[in-house]
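Notes follow once the structure below has been shown.
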Amino acid sequence: MTAGPARPSFAELFTPKLVTVLREGYGAADLKADILAGLTVAVVALPLSMAIAIASGVTPDRGLTAAIIGGMIVSALGGSRFQIGGPAGAFIVLVAATVHRHGVDGLIIATFLSGLILTAIGFLRLGTFIKYIPYPVTVGFTAGIAVIIFASQLHDLFGLTLDGPEPGPLLPKLVALGSALPTVSAPALGVAALAIGLILAVRRFRPHWPGLLIAVAVASLAAFALNLPVETIGTRFGGIPGSLPAPRLPDLSAARVVEMLPAALSFALLGAIESLLSAVVADSMTGRRHRSNCELVAQGAANVASSLFGGLCVTGTIARTATNVRAGARGPIAGILHSCFLLLFILIAAPVASYVPLAALAAVLVVVAWNMAERHEFAALLRTSWGDALVLLVTFGLVIFRDLTEGILAGFALGSLLFIHRMSQTIAVETGTALVEPDEADAAEARAPYDAARTNDPREAVIRISGAFFFGSVSAVAAALDRIGEKPDSIVIDLSAVPFLDSTAASLLSQYVARARAKGIRIRIEGATGELKRVLDTLGAGTH
């Protein structure tokens, strides 16, 4: 008997990748590479963080705070070498709805509580289960979020003037925007078109240049130089502060905690999914492996810290993480430096942000939404199978017309039911008549599947079950057992081809064994080892 690999200790599982990188040896060349990568990511994160905050219904400085405080903690404590944390477009829908219903104070409380939930999920080592969300669900909710983000930016993109507050639900929003089409602002539309054109041109001809920042900077200069009558960060928000706010603990009274707990759970669920998806993307690009539970603990700490400074929700961001990898980052120090560069912008160049047109930031998010939509994957899943298409469309429909959390939960539940149905169809039950076979050693008999040609008794029925034997396939097996024709004197049930058996299946076998023995039939179960044997013995089925 050979000993398996030793299980990692608690400390090993939750040691940040930053510590691992430093232990491996970190030199001047690594630091130089991380400085360049951090600066590159900061250039991408700067306009995105402000745009996401504005689209979420809060001031742009809250997005920058989340990127600075949350991003630094994600890189310092996380289980991924290359993860970049900050506000994400996927949260726009949830954050905007939370702000609308509970105000900014409610948002801060929900962010704080979601951080505690994520930390608990990580320490309880439940991060592995987040990976079981079906692919059609992730594509469906990502595409749904993209549609909602796109719709939310039409107001600023066209410079529309609405008669009242912009509705939150998609259909009323589109109706209100449609009725306001006569108020389109040509200068705002021109600024947005210029920004989108620059982003696409830079991506086409100079893909390594910071297209988002270039587009926003050029659009801002054009609007200022031509004195265009467009709404800017300064005219709507009065600019952004030149420093970070002092940390403050949110109102954690029992009433407020209970009120904000549903939103906090939604933030935690989406944050866990987004961060682990982003870490998987980084792994696929680098050949490294992240530690999911350590990453979730870091995400939790980042959300708690961000909320203390009044920032938005924090999660792993796929686009910025991929940019970090492509820029040549060597480890988490690149993510820490990206936060430092963003902090320098606030300290030095905050007044410049006042001149940024909202139409330019809307253009940034429109491009982001277009890239998020995963159009090719969506179309491919529609052609794959009716089950995947159903899960995809249910998730997508609920996200855009109902609620993001409802879409994820319904898609996951429907995907699980379809999986159970598919697994239940893999079960097979075979019967045969025994023939003579030479003697075998007991050790060989214990290892080999039970063979129908094991005895010369024509009155012995051999029943071989193969496939996953669980609650979803119990009815099929029960029907097969009941169809055994002529009453045998002896029955052998062979489970050597059953990789998994749950308590429902064991209970069925226990009842079948009891009925057979009550009729005077000799019955035994063979081929069950390890966990299968333990479950059978516990529920009284016995294995011989």
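Note that these values count all heavy atoms, side chains included, but never hydrogens, waters or copies made by symmetry.
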*Those residues that, when tested against D30, pass side-chain hydrogen bond (donor to acceptor under 3.5 Å, both in side chains) (two or more places apart)*: R330

*Please name the pair of heavy atoms, one in S275 and one in L296, separated by the smallest distance, quoted to 0.1 Å.*
OG-CD2, 3.8 Å

*Keeping the roles fixed (side chain from H338, backbone from G335), state whether a donor-acceptor pair exists under 3.5 Å.*
yes

*Does F237 reach the side chain of D61, with side-chain heavy atoms less than 4.5 Å apart?*
no

*asked:* If I compare all heavy atoms of S339 with all of A67, which pair ends up nearest, and what's the gap?
replied: OG-O, 3.2 Å

*Identify, with sequence neighbours excluded, every residue that meets side-chain hydrogen bond (donor to acceptor under 3.5 Å, both in side chains) alongside E295.*
Q83, Q299

*Over all atoms of both residues, closest heavy-atom pair of V314 and A302*: CG1-CB, 4.0 Å

*Heavy-atom pair with the smallest gap, counting every atom of I109 and D251*: CD1-O, 3.1 Å

*Heavy-atom side-chain contact between T59 and I54 under 4.5 Å*: no

_For E274, is there any backbone N or O sitting under 3.5 Å from a side-chain donor or acceptor partner on S278?_
no

_Atom pair CG (N324) and CZ (F82), whose distance is rounded to the nearest 0.5 Å_ = 7.5 Å

*Measure the shortest side-chain to side-chain distance between L392 and Y135 over non-hydrogen atoms and say whether it is less than 4.5 angstrom.*
no

*asked:* Heavy-atom count check: over 12 atoms from other residues, nucleotides or ligands less than 6.0 Å from F150 CZ?
replied: no

_Over 12 foreign heavy atoms within 6.0 Å of CZ, R289_ = no

*asked:* Would you say that C313 contacts N303 through its side chain, given a criterion of any heavy-atom pair below 4.5 Å between the two side chains?
replied: yes

_Donor-acceptor contact below 3.5 Å, side chain R375 vs main chain W370_ = yes

*asked:* So which atom in P250 and which in L308 form the shortest heavy-atom distance, rounded to 0.1 Å?
replied: CD-CD2, 4.0 Å

*Residue list, salt bridge (Lys or Arg N to Asp or Glu O under 4.0 Å) with E406, at least two apart or on another chain*: R402

*salt bridge (Lys or Arg N to Asp or Glu O under 4.0 Å) with R62: which residues, sequence neighbours excluded?*
none

*salt bridge (Lys or Arg N to Asp or Glu O under 4.0 Å) against D156, all qualifying residues, sequence neighbours excluded*: R236

_Just verifying a value: how many Å separate T395 OG1 and L409 CG, rounded to the nearest 0.5 Å?_
10.0 Å

_How about CZ on F224, more than 12 heavy atoms from neighbouring residues, nucleotides or ligands closer than 6.0 Å, or not?_
no

*If you take all heavy atoms of E24 and R288, which pair is closest and at what distance?*
OE2-NH1, 4.5 Å

*Under the 3.5 angstrom rule, does the side chain of T232 hit a backbone N or O of S354 as a donor-acceptor pair?*
yes

Under 3.5 Å donor-acceptor pairs involving side-chain atoms of residues 112-123, not counting sequence neighbours:
| unit_1 | atom_1 | unit_2 | atom_2 | d |
| --- | --- | --- | --- | --- |
| S114 | OG | A110 | O | 3.4 |
| S114 | OG | T111 | O | 2.7 |
| T119 | OG1 | G115 | O | 2.8 |

*Count the heavy atoms belonging to other residues, nucleotides or ligands that lie under 6.0 Å from OH of Y355, then report whether that count exceeds 12.*
no

